[in-house]
There are 2 protein chains.
Amino acid sequence: MKNPGHRVQATKRLLREALTSLLAEKPLRSITVKELCERAQINRGTFYAHYADVYDMLDQIEADMEADFYAALEPVLSSAYDLTPPTATAKVFQCLEMNADLCRATLGPHGDREFATRVIETAKKRCEESCVRFFPNADKLQIETYFTFITGGCIALMERWLKDGMKESSEMLAAAAEQIMEKGLGFLQ
Amino acid sequence: MKNPGHRVQATKRLLREALTSLLAEKPLRSITVKELCERAQINRGTFYAHYADVYDMLDQIEADMEADFYAALEPVLSSAYDLTPPTATAKVFQCLEMNADLCRATLGPHGDREFATRVIETAKKRCEESCVRFFPNADKLQIETYFTFITGGCIALMERWLKDGMKESSEMLAAAAEQIMEKGLGFLQ
DNA sequence: TCAATAAATCAACACGGTGTTCAATCTTTT
DNA sequence: AAAAGATTGAACACCGTGTTGATTTATTGA
């Protein structure tokens, strides 16, 4: 007595592996359902039983990744009451390092930046909340502006990090991000 | 005696207008050559005389935009010898404000982020160069990290700005960006 | 103005991926 | 062993693609 849907889970895994492997070779736009199924050794009809098209499939996979990511991040985010940007950053970067293969597919040259933005938005909101406590006299719009900026900055750092083969440790990267967020130009002195 | 290629320039303009108008409605991936030509009132065969496919067309258009952008930016960038990030930022944001319609197509939800990154890379490099003069004892890698971060941050601010309908002035936005770049968290105090 | 050249049009074509259907087969569950 | 669930295979019409060659229309320069 195995889980119900155990079989579909297996074929979905095959399809997912095929997709990420193809995504390493070329952009999503030139990946066809046909070749995807051929690589996955799955009947094309079976694909359409689960997904509407390749984009729908990636959407669903990303939703799964998102859930996994939140599940991994939630404990560390909720453990610290006074969550400052630096603290969260270190944890987020750590999470990314542990899921490097997934990140490559989404943050890589053929990846989907919207996904990364969506994921990081969670940490952003959490930090904003505790930031309001730390700077009660700061304008709300100002806080939002600040976090928009540093979120974009962090994503850019991650992209470069992945691009360069993740040579530095996540701690190093987080430390640099922390300092820039805190001191701005003072980072260089 | 008109310019040579005056005619092809006209059809290209029609195609470009059709593309940007379609790009406001849906993502590039679901725009077909057929409907593009129908909207532009251009024969499909004519399209293939100029472009290989829709992606190739966007590439060429973006290359044009890039050239226009540089042409507009170059004088302000080269005028100031001691180009600090803040100075450049103000100018770049100003440029974007003047080309709002073009920006919408490339920075919008269906746009091409890589293009924005590529464009802004120019200003980034310029600033990096003069930054080396200001902070001679700072590590080169550190400088690169800093600029990667703030470039990403600025793009994020622009995206939000466009998304919210460009209500604030480019000066306001640039001023905020400047302060964050310079003071980091101190921006909120 | 007229001939030469360049560009856009039109129709037709083979090709390939799409998305759907249905009967047949295999697998899991009870 | 029977029932329900999932995958397969083949066939189908459909539509966009990219190319071709002949024709028409516009632009250029003498």
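Below, chains carry the letters A, B, ... as their sequence lines are ordered, and counting in each starts from 1.
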**Q** Could you check how far CZ of A:F47 sits from P of D:dT7, rounded to whole Å?
**A**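 Between P of D:dT7 and CZ of A:F47: 13 Å.
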**Q** How many angstroms lie between CZ in A:R16 and CD in A:Q60, if you round to the nearest 0.5 Å?
**A** 12.0 Å
**Q** Measure CZ/A:R13 against C1'/D:dA6 and give the value in whole Å, please.
**A**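 Rounding to the nearest Å, CZ of A:R13 and C1' of D:dA6 are 16 Å apart.
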**Q** OH of B:Y55 versus P of D:dG18: gap in Å, rounded?
**A** 11 Å
**Q** Rounded to the nearest Å, what distance is computed from the CG atom of residue A:L15 to the C1' atom of nucleotide D:dT7?
**A** 12 Å
**Q** Which heavy atom in A:R29 sits nearest to a heavy atom in A:Y55, and how many Å separate them?
**A**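 Shortest heavy-atom separation between A:R29 and A:Y55 comes out as CA-OH, 3.4 Å.
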**Q** Quick one: which residue pairs count as a salt bridge (Lys or Arg N to Asp or Glu O under 4.0 Å) with a foot in residues 142-156 of chain A, not counting sequence neighbours?
**A**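 Those involving residues 142-156 of chain A are A:K124-A:E144, A:E144-B:R160.
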**Q** B:R39: which residues meet the side chain to side chain donor-acceptor pair (under 3.5 Å) condition with it, sequence neighbours left out?
**A**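 B:R39 satisfies side chain to side chain donor-acceptor pair (under 3.5 Å) with B:S21, B:E25 once adjacent residues are dropped.
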**Q** Honestly curious: do A:V8 and A:V54 fall in one hydrophobic cluster under the side-chain, below-4.5 Å linking rule?
**A** no
**Q** Mind calculating the distance between OH (A:Y51) and P (C:dT18) to the nearest angstrom?
**A** 16 Å
**Q** Taking atom P of C:dG19 as reference, at what distance in whole Å does atom CE of A:M57 sit?
**A**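 From A:M57 CE to C:dG19 P: 14 Å.
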**Q** In whole angstroms, how far is the P atom of C:dG16 from the CG atom of A:L36?
**A** 20 Å
**Q** Applying side chain to side chain donor-acceptor pair (under 3.5 Å), can you list everything that pairs with B:D53, at least two apart in sequence or on another chain?
**A**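 Testing B:D53 for side chain to side chain donor-acceptor pair (under 3.5 Å), a comparison that skips the adjacent residues, returns none.
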**Q** Side chains of A:T11 and A:H50: does their closest heavy-atom pair fall under 4.5 Å?
**A**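 They are in contact (side-chain heavy atoms under 4.5 Å apart), so the answer is yes.
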**Q** Could you pull out the closest heavy-atom pair between A:A176 and B:T145, with the gap in Å?
**A**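 What the structure gives for the nearest pair is CB-CG2, 4.2 Å.
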**Q** Starting the side chain at C-beta, find the nucleotide from C:dG19, C:dG17, D:dG16 nearest to A:T32.
**A** C:dG17
**Q** Could you give the angle between the helix axes at the two ends of the helix from C:dT1-D:dA30 to C:dT30-D:dA1, with five pairs per end, rounded to 10 degrees?
**A**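 Between the first-five-pair axis and the last-five-pair axis there is 30°.
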**Q** Would you indicate, yes or no, if D:dT19 has its OP1 or OP2 atom less than 4.0 angstrom from a side-chain nitrogen or oxygen of B:Y48?
**A**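 For B:Y48, the contact criterion (side-chain N or O under 4.0 Å from OP1 or OP2 of D:dT19) is not met.
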**Q** Using a cut-off of 4.0 Å between protein heavy atoms and nucleotide atoms, how would you tag nucleotides 5-10 of chain C 5' to 3' with B, S and -?
**A** -BBSBB
**Q** To the nearest Å, how far apart are B:D53 CG and D:dG18 P?
**A**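 Taking CG of B:D53 and P of D:dG18, I get 6 Å after rounding.
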**Q** Got a sec, which residues hit side chain to side chain donor-acceptor pair (under 3.5 Å) with A:S169, two or more places apart in sequence or on another chain?
**A** A:E171
